[in-house]
Amino acid sequence: AGLEDGDAGVREASAECLGTLSKLVTPKVLDPFIGGVEKLKLDKITEYAEKATIKAKAAPKPRAPAPAAAPGNPRPRPRVPPKAAPAPTSSPVVEDDAPAGVSANLPPHIRKKLEASARAAAIKKAQREGRPIDDLLPPPEPVAAPVAPKPAAPKRPVAAAPPARKPAAPAAAAGKPRGAVKAGASEAVKLRFANDESLDEKIASALPAAVLESLASAKWKDRMEAMDQLREFLGDEAARGSGVHPELVVRQLSRKPGWKESNFQVSARAFQLISWMAGEDELDFNTGAAALSVPALVDKLGDIKLKGPAGDALTAIAERFSLQFVVGLALDPIRAQKSPKVVADCLTWLNTQLLEFGVQGVGLRAVADMARDAGLQSSNAQTRATAVTLMGTLRRAVGTAVMDLVGDLNPQLVQLLDTEFARVSDQAMPEPTRTQRSAAVSKGPGQGAAPVSQDSAMDDLFPRQDLHATVGAAVYKQLGDSNWKVRKAALDAIQGALAATNNRIQPGVSGDLYTALKQRLQDPNKNLTVVALTVLGALSEASGAALVPNIRIVALATMHCLSDKKPQVRTAALGAMAAWAAASSASVDQAVLPALPTALGDTSPELRASLLQWVADTLGARSPRLPDLALLITPLFACLQDRTAAVRKQAMRVLALTVASCGFEAVYDACAMQLRGAARTTVAPMIEEFRHTVGASVGSPRPASVAPPRARAVSPLPAEPVMTASELLGRAPVSTSAPPPPAQGPGVLRRPMAVRRPGAPAARPVRADPGRPGSSLRSATPTASLTSQLSRMSDEELDRVPPILDSD
């Protein structure tokens, strides 16, 4: 790929690398891998090979004599070097199982890579020619590293053995070991009849001779009839409980009639047979049979006559195992397709599978990489269009973060992706309609797979990383440095670490980092304050959490930043608080709200207006499930009397939420107990506006966490008979009956007027209250003076005379 790159520097570096490799491994070993390169480029490689100087040694000398010299004498003897000379010829690592054409003098790690590359090329060639690949599979490795560390788990060795065979799966035919590992991430490929010397005898004994003969016939009708007979035979055998192993059937199909069958009807019958075997519970259709089938099925997705049967067979395999298993096996064959139309059809099939099965458990990063390499960078317009559609589906699954996977694209492709993303931005992934038995994601029979959350899909694309391990502990000290440039470098390091992790960090962020950032919220350099506030918000967004202990550290300092005269600082502070609220409502209830009374004690109109607006917007979105807002009652009274109209406006919004949370009576009683005079006159009417609002009535249930308001102090004196205003003026007969019993409970009137009836004991003098309407009448004056004032009032005015409360 480097030799074909458009950048001249890349081509030169690739030629130099190949030339040095040729000098290292000899041209005889490298020539099979660069046979298709143009002559001009071969000359360039040869030129660099002549210039290259190899300094590496074939077998490091200290490694061979070390076991013999170290135990006996720590100091080497003069005759030890001559004994180390024959080490390369006696090294069991170099001489063991060396393929032809690979020099035994190469370092072991380079030799192993060359062996794997040669084996993958041979497997690919054998599959292209329709020959069996069993003899080309690597022998079982004697190293048992996965088993030895876990002796306590007796079932581990059985599950750990298949990874040694993963390169043998047909998915590795493209020569990319990374894709082969991903293919087996969800289900380990187990080839039951790999390297079986008696495979022909087993097939001959398991299948009828007439069927095998017809499958090898030159007449397509005979082959098609044989396919029908084979299915009937397998069905009868399965019904009797002695079914033929499906892997044997798939291996026979790969031989005769073969995956390159020229008649589409015969191929369609073969694909239908595979689909039937995958869907039958009575048959042991294992991962080996699936791995042998998937590459051939993918190749036929571009055939207009066979795409239906091939797609159905792939779907049946995905339902038996999992979509991740099939996708992992199919990605490399899709990359290897040369026809743009076949690639476009494969991408369309993959997009359909993601919509029908869902994305849970699927390696979306590998899918995005394949769509970018094989689709977006294709010269065919149809292929690019299908790749854009597939990326749109990934956008519906994981959000805009999928753009981080496509890398650098030309402006036209970026515009196409932006258009597609804008089209699907409001569309969620549909409910899965297909199940995956082995993936254990189904909700029940016929209900499809369980929906996947965007966060779980993002965890597959961008696994969360430990921020502390990325930035280190030294950054905490740098944040407190006296030099502002050092402090800025520390903040930039944190932002760079967040960007390097694609804003995906583990939730357990250290409280030491928040303590260090708190100091920067009062930094004399306001630009650093803005950066620190941005980092605080980014930490919650990247971790998806806002831990209450961490937010308590910086909550009050962040709110004090709202009093800054610079709008950039206030905007950054509000952004950080919005990130906390979006990440966790508990951080608002347990960390931000307790600090609000202290913050609102600041008389800065910018702070009060901005903070109250944030509280109204944040808690208003959660209505009617509001937290306990009793602690906001007292600071709200001060904000309702603020000189700034914007503060009073936002305070009224918060007052409505407070009344809905605590109840009208609790707020009104607090006003009566805490305010006097003009303050009560100003605030009381504002509270009265919410008397009949939802949740503010007297009988409305209060939250369990809200304590009932403190009862008014009831006068210890016994109830005395009193006169109403009409009785005092002689407009109504004086009642001599006993007064009704006093009502109990807070806020209940005990005496309508503090005027004695004739013969009643003298009442306590009444104090004037300038803060209550009509309180001028309640002066400590004799009854005659009060009577003279009341005599000049009409009946309507007498009815409006307010009563006197016990607290007065």
Side-chain angles (χ1 to χ4, degrees), residues 122-123 125-140 162 165 168-170 173 189-297 299-300 309 313 316-317 320:
I123 292 175
K125 183 177 180 181
Q127 286 190 334
R128 184 167 59 250
E129 296 176 357
R131 295 186 288 105
I133 63 174
D134 298 341
D135 298 336
L136 302 175
L137 298 177
R165 298 182 180 178
V189 177
K190 301 178 182 179
L191 296 172
R192 181 172 178 177
F193 301 99
N195 297 326
D196 193 341
E197 297 179 356
S198 60
L199 180 62
D200 295 336
E201 291 78 3
K202 290 183 178 179
I203 293 178
S205 62
L207 302 179
V211 173
L212 295 177
E213 182 179 355
S214 299
L215 288 176
S217 174
K219 297 180 180 180
W220 67 269
K221 291 185 178 179
D222 294 342
R223 299 194 300 271
M224 184 173 64
E225 184 179 357
M227 297 300 302
D228 296 336
Q229 295 174 359
L230 179 58
R231 178 168 179 175
E232 183 179 356
F233 169 77
L234 294 176
D236 295 340
E237 290 293 318
R240 290 196 296 267
S242 58
V244 180
H245 199 285
E247 185 177 335
L248 288 176
V249 179
V250 174
R251 288 182 180 274
Q252 174 59 35
L253 293 179
S254 65
R255 296 179 174 185
K256 295 295 180 179
W259 302 129
K260 301 296 182 181
E261 167 65 42
S262 58
N263 187 276
F264 76 92
Q265 299 183 62
V266 178
S267 296
R269 294 289 202 286
F271 296 162
Q272 292 170 0
L273 179 60
I274 294 174
S275 177
W276 173 77
M277 290 190 298
E280 287 294 324
D281 294 333
E282 294 80 6
L283 296 177
D284 184 18
F285 191 87
N286 63 345
T287 56
L292 294 171
S293 307
V294 168
L297 296 172
D299 290 339
K300 297 302 180 181
I317 296 174
R320 186 176 187 96

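Everything numeric in this text was worked out from a predicted model, so none of it was measured.
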### Task
Test Ile274 against Val249 for side chain to side chain contact (heavy atoms under 4.5 Å, CB included), laying out the working first.
CA-CA 9 Å; Ile274 294 174; Val249 179; over 6 Å; no
### Message
To check you understand the geometry: which heavy-atom pair defines the closest contact between Met277 and Arg320, and what is its length?
### Response
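Smallest heavy-atom distance, with atoms named: O-NH1, 4.0 Å.
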### Query
Looking only at heavy atoms, which two atoms of Leu191 and Gly288 are closest? And how far apart?
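The pair with the smallest heavy-atom distance is CD2-CA, 3.5 Å.
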## Note on the structure
Interatomic distance, CZ@Arg231 vs CG@Leu273, rounded to 0.5 Å, equals 7.0 Å
### Interatomic spacing from CZ in Phe193 to CZ in Arg251 - rounded to 0.5 Å
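With rounding to 0.5 Å, CZ (Phe193) is 8.0 Å from CZ (Arg251).
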[X] versus [Y]: any side-chain heavy-atom pair under 4.5 Å?
X      : Y      : result
Leu199 : Leu248 : yes
Glu247 : Thr287 : no
Leu253 : Met227 : yes
Glu261 : Arg223 : yes
Leu283 : Val244 : no
Asp299 : Trp259 : no

#### Entry: Sidechain N-carboxylate O distance under 4.0 Å for Asp200, Arg255
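Between Arg255 and Asp200 there is a salt bridge, with a charged N closer than 4.0 Å to a carboxylate O.
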### Task
For the pair Glu225 and Lys221, find out whether any cationic side-chain nitrogen is under 4.0 Å from an anionic carboxylate oxygen.
no
N/O donor to acceptor pairs below 3.5 angstrom from side-chain atoms of residues 209-219, sequence neighbours left out:
residue: Ser214; atom: OG; partner: Ala210; partner atom: O; Å: 3.0
residue: Ser217; atom: OG; partner: Lys219; partner atom: N; Å: 3.2
residue: Ser217; atom: OG; partner: Asp222; partner atom: OD2; Å: 3.1

### Task
Classify the side-chain pair Gln272/Trp276 by whether it contains a donor and acceptor separated by less than 3.5 Å.
no
### Query
What do the steps show when you test Glu280 against Leu234 for side chain to side chain contact (heavy atoms under 4.5 Å, CB included), and what is the final call?
CA-CA 11 Å; Glu280 287 294 324; Leu234 294 176; over 6 Å; no
### Message
Is the distance from the ring center of Phe285 to that of His245 below 6.0 Å?
### Response
no
